[in-house]
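Source: prediction; values computed, not measured.
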Amino acid sequence: MSDANVSAGFRPRIESVDVVRGIIMILMALDHTRDYFGIPGQSPTNMNSTYAALFFTRWITHFCAPTFFLLTGTGAFLALRRKSTSELSTFLFTRGIWMIVLETVVFRCLALQFNFDFKVTMLIVLWALGWAMIALSLLVRFPAIVSTIFGATLVLGHNALDGLKISNPVWTILHAQGFVLNTPEHVVFVAYPIIPWIGVTALGFALGQLYNWDAERRRAVLLRLGIALSAAFVALRVANIYGDPARWSQQKTGVLTLISFLNATKQPPSLLFLLMTLGPVLILLSLVDRATPKAFKPALVYGKVPLFYFMFHFFLIHTLAVVVTFARNGAVHWMFESPDLGHYPFTPPPGWGFSLPVVYAVWASVVIVSYPLCQWFAGVKRRRSDWWLSYM
């Protein structure tokens with residue numbers, strides 16, 4: 001990209017990337033609604049107690065994090081159309097730092113937990129995304145093939161480390177979900193180990209190269225790559241040898257066997273988990289590349305302001321839970337208390353928890369209520385060029 005285009009502020013958007021990101025953001029809210037309104041302690045992935053509706057309510061949201069990290073990398077590559085390599089590197093580094101601060105302070109206190117005691121801190125998606133951006137700030141200074149090889153090595157090879165049992169905070173942060181601090185006063189739990197997520201983001205940067213290709217060629221490659229990844233998931237999962245620390249097994253019913261087969265490990269995201277989720281996403285990117293279907297048009301709004309929507313929808317879900325708690329119990333203190341990891345991100349009030357139809361109804365309400373505000377903020381970002389807007 002020439003310096004003239006950079007200096008002229010050339011800012012194209014790839015609509016297919018925005019619409020897929022938007023679809024994912026809509027689905028993401030379903031899982032978070034279930035966190036606040038679902039039945040406490042009911043695990044969708046526990047083979048002894050799960051059932052089809054519960055499992056697939058969780059499973060469909062598995063596509064969210066891998067897609068978000070992948071498209072973060074793709075968006076970084078596309079940003080080279082309007083930024084120099086040095087500018088992009090600096091932006092990714094500073095935005096990565098901002099994401100980590102946002103996760104551990106602003107998001108934790110004002111959206112997720114509604115308290116300021118810092119008794120429990122869980123390092124989740126924004127934390128990992130911040131580190132992925134910091135890593136990518138270094139990778140963008142090299143030819144794209146470096147990012148491709150680096151990302152593929154992490155994604156394909158990290159499951160070879162599953163057998164390592166290292167009791168070390170650094171290793172926990174890198175690859176082993178667990179505690180980095182666990183005292184009666186404070187708990188810090190790493191829910192998103194960063195190695196595989198950095199790999200996905202690096203591969204997303206490599207994927208961005210396709211958007212410099214002829215459209216027909218790009219669509220064909222996206223489709224073939226998506227089919228190949230999906231087929232690789234099936235083949236490796238059938239083999240049951242490598243790619244996931246949790247093996248699938250024959251169950252007492254066909255549905256439960258299918259659930260066992262699809263129940264890949266999310267944290268850290270196994271190779272099979274990533275093949276299972278990213279394959280269909282690449283197929284979807286191919287299908288919407290020519291034109292956005294009319295039914296998907298609303299998703300563009302969420303896809304253009306993903307961080308704003310992420311923060312707001314969490315705040316809204318938690319606020320709705322407070323309102324419902326007050327209506328049912330006449331008090332709300334439970335919704336502000338998280339004394340330990342077992343009561344994260346709030347303490348369920350007596351008799352708390354709703355059936356899946358109620359969860360789906362609340363989810364739909366959250367998505368609908370969020371739309372006009374996201375549409376407004378997307379308009380602000382379109383009309384203005386203030387530097388701080390690029391961090392939101």
Side-chain angles (χ1 to χ4, degrees), residues 21 25 28 32 64-76 79 83 87-141 147 150-151 154 158 168-182 186-205 266-269 305-315 318 338 341 344-345 387-392:
R21 185 189 290 115
M25 300 302 287
M28 173 191 65
H32 300 153
C64 300
T67 306
F68 200 65
F69 280 84
L70 184 80
L71 295 185
T72 293
T74 301
K83 295 179 185 288
E87 289 171 337
L88 178 60
S89 178
T90 300
F91 171 72
L92 287 170
F93 183 83
T94 54
R95 195 168 193 236
I97 296 295
W98 164 236
M99 286 289 184
I100 294 170
V101 173
L102 194 65
E103 172 81 84
T104 55
V105 181
V106 182
F107 175 64
R108 180 221 172 274
C109 296
L110 300 182
L112 196 62
Q113 295 189 54
F114 281 2
N115 63 54
F116 296 85
D117 58 25
F118 287 94
K119 277 194 166 186
V120 179
T121 298
M122 185 175 284
L123 303 177
I124 48 178
V125 63
L126 296 182
W127 146 274
L129 191 63
W131 284 110
M133 288 181 175
I134 291 170
L136 195 58
S137 73
L138 302 176
L139 289 171
V140 298
R141 295 182 176 274
S147 180
F150 179 78
L154 293 187
H158 82 90
N168 182 285
V170 174
W171 180 247
T172 299
I173 290 170
L174 292 175
H175 192 262
Q177 185 184 54
F179 295 95
V180 293
L181 179 65
N182 189 11
H186 297 287
V187 169
V188 179
F189 186 84
V190 178
Y192 272 65
I194 64 177
I195 282 181
W197 296 116
I198 289 173
V200 174
T201 308
L203 289 177
F205 185 79
K266 180 178 179 180
Q267 297 298 349
V305 290
L307 181 58
F308 178 83
Y309 170 75
F310 180 86
M311 296 287 293
F312 176 73
H313 95 281
F314 252 113
F315 173 81
H318 200 166
S338 47
L341 194 62
Y344 168 92
W387 66 269
W388 62 270
L389 286 171
S390 62
Y391 288 82
M392 291 298 295

Sub-6.0 Å ring centroid separation between F118 and H186 | no

Apply ring-ring contact (aromatic ring centres under 6.0 Å, His included) to Y309 and list each qualifying residue two or more places apart in sequence or on a separate chain.
-> Y302, H313

Residues that F312 engages under ring-ring contact (aromatic ring centres under 6.0 Å, His included), provided they are two or more places apart | none

Output the distance between atom CD1 (I173) and atom CG (N168), rounded to the nearest 0.5 Å.
-> 9.0 Å

Got a second to check how far F93's CZ is from L138's CG, nearest 0.5 Å?
-> 8.0 Å

So the salt bridge (Lys or Arg N to Asp or Glu O under 4.0 Å) pairs with at least one residue in residues 109-132 (sequence neighbours excluded) are R108-D117

Set of side chain to side chain contact (heavy atoms under 4.5 Å, CB included) partners for A128, sequence neighbours left out | F69, Y192, I194, W197

What heavy-atom pair brings L136 and S147 nearest, and what distance separates the two atoms?
-> CD1-OG, 4.5 Å

Let me check something: any side-chain donor-acceptor pairs from residues 174-182 under 3.5 Å, sequence neighbours excluded? List them with distances.
unit_1 : atom_1 : unit_2 : atom_2 : d
H175   : NE2    : H158   : O      : 3.1
H175   : NE2    : H158   : ND1    : 3.0
Q177   : NE2    : A191   : O      : 3.0

Taking only residues two or more places apart in sequence, or in another chain, which ones meet Y391 in a side chain to side chain contact (heavy atoms under 4.5 Å, CB included)?
-> F91, T94, R95, W98, W387

Nearest heavy-atom neighbours spanning S137 and S89 | O-OG, 2.5 Å

Over all atoms of both residues, closest heavy-atom pair of L139 and A202 | CD1-CB, 3.8 Å

Contacts of type side chain to side chain donor-acceptor pair (under 3.5 Å), residue T172, not counting sequence neighbours = none

Could you go step by step and tell me if L123 and F189 meet the side-chain contact (heavy atoms from CB on, under 4.5 Å) rule?
-> CA-CA 6 Å; L123 303 177; F189 186 84; over 6 Å; no

Decide side-chain contact (heavy atoms from CB on, under 4.5 Å) for V187 and T121; before the verdict, give the C-alpha distance in whole Å, the side-chain angles of both, and the deciding distance to 0.1 Å.
-> CA-CA 6 Å; V187 169; T121 298; over 6 Å; no

For residues F68 and L129, determine if any side-chain heavy atom of one lies less than 4.5 Å from a side-chain heavy atom of the other.
-> yes

Quick one: pull up CD1 in I198 and CE in M133 and give me the separation to the nearest 0.5 Å.
-> 12.0 Å

Non-neighbouring partners of F114 that pass ring-ring contact (aromatic ring centres under 6.0 Å, His included), sequence neighbours left out | F315, H318, F336

Verdict with reasoning, L341 to M122, per side-chain contact (heavy atoms from CB on, under 4.5 Å) = CA-CA 8 Å; L341 194 62; M122 185 175 284; 3.4 Å; yes

Which of L70, T72, L71, T74 passes side-chain contact (heavy atoms from CB on, under 4.5 Å) with R21? Answer is L71

Who passes side chain to side chain donor-acceptor pair (under 3.5 Å) against S338, sequence neighbours left out?
-> Q113, N115

Could you list the donor-acceptor pairs under 3.5 angstrom formed between side-chain atoms of residues 99-107 and any protein atom two or more places apart in sequence or on another chain?
unit_1 : atom_1 : unit_2 : atom_2 : d
E103   : OE1    : I124   : N      : 3.4
E103   : OE1    : V125   : N      : 3.4
E103   : OE1    : L126   : N      : 2.9
E103   : OE1    : W127   : N      : 3.0
T104   : OG1    : I100   : O      : 2.9

Closest non-hydrogen atom pair between A132 and T201, with its separation | CB-OG1, 3.4 Å

Could you pull out all residues at least two apart from W388 that satisfy ring-ring contact (aromatic ring centres under 6.0 Å, His included)?
-> none

Taking side chain as C-beta onward, heavy atoms only, is L112 less than 4.5 Å from F314?
-> yes

